[in-house]
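Taking it in order: structure first as structure tokens, then the write-up.
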Protein chains: 2
Amino acid sequence: MARSTNARRPATLASLAAELGVSRTTVSNAYNRPDQLSPELRKRVLDTARRLGYPGPDPVARSLRTRRAGAVGLLLTENLSYAFRDPGALSFLEGLALACEDAGHGLLLVPANPEREDVASVHSAGVDGFVVYSVPEDDPHLAAVLERPVPSVVCDQPSIPDVDRVGVDDRAAITAMAKHLLDLGHRRVGISCMRLARARNDGPASLQRQANASFHVQKARLTALAEVFSDAGIDWSTVPVVERFDHSQESGASAAAQILDTDPEVTAIVCTSDILALGALDEAERRGVKVPDDLTITGFDGIPDAERAGLTTIRQPILEKGRAAGRLLLDTAERGRPREIRLETQLIEGTTAGPPRSSEERWFGP
Amino acid sequence: MARSTNARRPATLASLAAELGVSRTTVSNAYNRPDQLSPELRKRVLDTARRLGYPGPDPVARSLRTRRAGAVGLLLTENLSYAFRDPGALSFLEGLALACEDAGHGLLLVPANPEREDVASVHSAGVDGFVVYSVPEDDPHLAAVLERPVPSVVCDQPSIPDVDRVGVDDRAAITAMAKHLLDLGHRRVGISCMRLARARNDGPASLQRQANASFHVQKARLTALAEVFSDAGIDWSTVPVVERFDHSQESGASAAAQILDTDPEVTAIVCTSDILALGALDEAERRGVKVPDDLTITGFDGIPDAERAGLTTIRQPILEKGRAAGRLLLDTAERGRPREIRLETQLIEGTTAGPPRSSEERWFGP
DNA sequence: TTGAAAGCGCTAACAG
DNA sequence: CTGTTAGCGCTTTCAA
């Protein structure tokens, strides 16, 4: 009777060895060290394996023995499927996948539903290390990862003792943007930002919420904005900072709407991501507000759609981030001292930022 | 001295048990069956674990014992990073990720560089099963997957004995499209298709190459087109069929150019994917050829960009395909008899198909 | 070139 | 509620 290719555990290395009348070592060598036995014997082993339906050494047993899994785990803040919709996450994934592929490693996407506290998936991930991308500082999944006795690399996260890190200087990057706006003459600004904490909030982010933000990147950007604008004599507590939990263009649009409704005198909306900024552009168009004549809108990331739209933004090498994270994790040589890779950002002067219209112009202009 | 969180194998279940003076079972239960021991004892175990830096049961050892890995492997035809750029692959991934997430399983992207024959990554994947998405029939990675003693589900692949399958009726779908074009009056058509085999070919696909195509989906579509057009009295051997290896809009544009250069009397270009069709639209615009007045262009897939462009195409539920594949694999209950899921497609009448201009009109028209 | 012995770290009967 | 007993399937010194 023909054996189905999907039969259950048809044979093991030991049973094969027994059948052949050789030792397990020999069979193992036939697969892992072809040079350690005669070609004839090897052929005999492999042939018999085929005949018995032996599928080759079990990867899990081998992993247990060798202490290597041949895979890298990725922990994201969002539902897995989100990763395939967000352009930023996607670029990161692409870069990481590139690095894994180069090393012949698999990439395991670890389900880490932010709504649930269940970290079993982290505990059961058979991987040689983790890459953690932009999860909140207090996420239990992150804690679970750090407890695992494998190396990890964090990206867009605050630095953690003994853990490698990849990121950009968010603070410097957005400071440049803020100064750019100040130079243009803006004094009344609004901020549209991504989620600041695990608890959902769609609306104004209080000063306290800003201070307690558990998403490192967002917090760094807000803090820097607060500092620059305060230094310029603007009372930060009067600046509308509107937060959105979902990262989508619709969110960006509604956040912009909320800012404009709250403070119609705002001349510029600084968004902490391109997606939010693109949404803000949508909203401006809907309202017949001309950009940049009536309103300046800026983003952050430099995703392709932003470039296409001529958005004034900060470009950061997201794909490179992913690749760097993967390399850091897989480069066993340099391990030991904790390392940090900081990539460069660049202010892109698009067509969505310009000098503010003076109030007179705005109220009584042509 | 403080113990680094990244220390190497600080302790094992056995050493913990020894330290506590209890049996290994008890420690194991503390983690896996909290109801099997007193809360106090459990607390004592967990506390001691923390003190000793025991990170919880090793996932690999557990997998070996339980014969479950908690992950699904995905085999794609392309470099991993491609998966994050192709809209179709992306939707599929999203659906698959959704299914995995629901089941609390991880998703392991298995590197399967099509240029290399190295299948070690398949052999070393610690997974409970594989999903195989659109790889050529003769791909060694596919063969390696089928040898593994775990279930698999193939998608957009020919059916394989004892292997579950998800797909659409490509034949019927594209037949509907072909008939639509015939009804509109087209008699001179050109075909732009994706890669047909592992060996690169950018140019006309001979009849023989069409017949030997190892990408199931492309072959099914071509075969159906050949049949319908032949039945309508068109000599298929005179129909330009142009193949492109890379799946990109640029490829689509150059394929369209090649078709138009080969046979300027073509009134319709049937593309076997939306990406190719979008590229064809680009080329038409470049040449100042009006669509659909001067040229009809059709696609296949129904990706968002196609919808946006008003492309006349076949919509297939790609995300659902991924989800169905995942569910099939993870649904251990119904396993046994091989199953097949066939999803529905729909002809979308966009704005890129219309009746052909008669030759007179074309040559001497307004 | 081959074999024997010794686990990798864990879970699952089954008995107490 | 807890312990004893048996492996899961493999790789790897070390000797022969």
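No experiment lies behind these values; they were computed from the predicted model shown. Side chains are part of it too, since the values below use all heavy atoms of this structure and drop only hydrogens, waters and symmetry mates. Letters A, B, ... are given to chains in the order of the sequence lines, protein chains preceding strands, and every chain is numbered from 1.
- Summarising the geometry, the separation between OH on B:Tyr31 and C1' on C:dG9 is reported as 13 Å, rounded to the nearest angstrom.
- The closest side-chain donor-acceptor pair between A:Asn29 and A:Arg42, if any, does not fall under 3.5 angstrom.
- Among the heavy atoms of the strands lying under 4.0 Å from A:Leu64 is at least one base atom, whether or not backbone atoms are also near.
- In this structure, B:Tyr54 reaches the C:dC10 phosphate: one of its side-chain N or O atoms is under 4.0 Å from OP1 or OP2.
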Atom pairs, N/O to N/O, protein against nucleotides 3-6 of chain D, distance under 3.5 Å?
| from | atom 1 | to | atom 2 | distance (Å) |
| --- | --- | --- | --- | --- |
| D:dG3 | OP2 | B:Ser23 | N | 2.9 |
| D:dG3 | OP2 | B:Thr26 | OG1 | 2.8 |
| D:dT4 | O4 | B:Thr25 | OG1 | 2.6 |
| D:dA6 | N6 | B:Arg24 | NH2 | 3.0 |

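- In this structure, CZ of B:Arg42 is placed 16 Å from C1' of D:dT2, rounded to the nearest angstrom.
- Under the ring pair (Phe, Tyr, Trp, His ring centres under 6.0 Å) criterion, B:Phe92 pairs with B:Tyr133, sequence neighbours left out.
- The list of salt bridge (Lys or Arg N to Asp or Glu O under 4.0 Å) pairs with a residue in residues 13-26 of chain B, not counting sequence neighbours, reads B:Glu19-B:Arg51.
- When each of A:Val135, A:Val127, A:Val122 is paired with A:Val145, the side-chain contact (heavy atoms from CB on, under 4.5 Å) condition holds for A:Val122 and for no other.
- For the pair B:Arg67 and D:dC8, the criterion of a side-chain N or O lying under 4.0 Å from OP1 or OP2 is not met.
- Between the CG atom of B:Asp35 and the C1' atom of D:dT2 there is a distance of 14 Å, rounded to whole Å.
- Within the structure, ring-ring contact (aromatic ring centres under 6.0 Å, His included) pairs that include any residue of residues 98-129 of chain B do not occur (at least two apart or interchain).
- Nucleotide D:dC8 holds its P atom 19 Å from the CG atom of B:Leu13, rounded to whole Å.
- Between A:Arg33 and C:dT1 there is no side-chain polar atom (N or O) within less than 4.0 angstrom of OP1 or OP2.
- Residue pairs that meet the salt bridge (Lys or Arg N to Asp or Glu O under 4.0 Å) test with at least one member in residues 72-83 of chain A, sequence neighbours left out, are A:Glu78-A:Arg195.
- Atom NE2 in A:His123 sits roughly 16 Å away from atom C1' in C:dG9 (whole-Å rounding).
- In this structure, the CZ atom of B:Arg62 is 18 Å from the P atom of D:dG9, given to the nearest Å.
- Screening residues 58-77 of chain A for ring-ring contact (aromatic ring centres under 6.0 Å, His included) gives no qualifying pairs among residues at least two apart or on separate chains.
- Within 4.0 Å (heavy atoms only), A:Ser38 reaches sugar-phosphate atoms of the nucleic acid but no base atom.
- Taking atom CZ on B:Arg68 and atom P on C:dC10, their separation rounds to 16 Å, with Å as the unit.
- One interatomic measurement links the two molecules: CD of A:Gln36 to C1' of C:dG3, which rounds to 14 Å at whole-angstrom precision.
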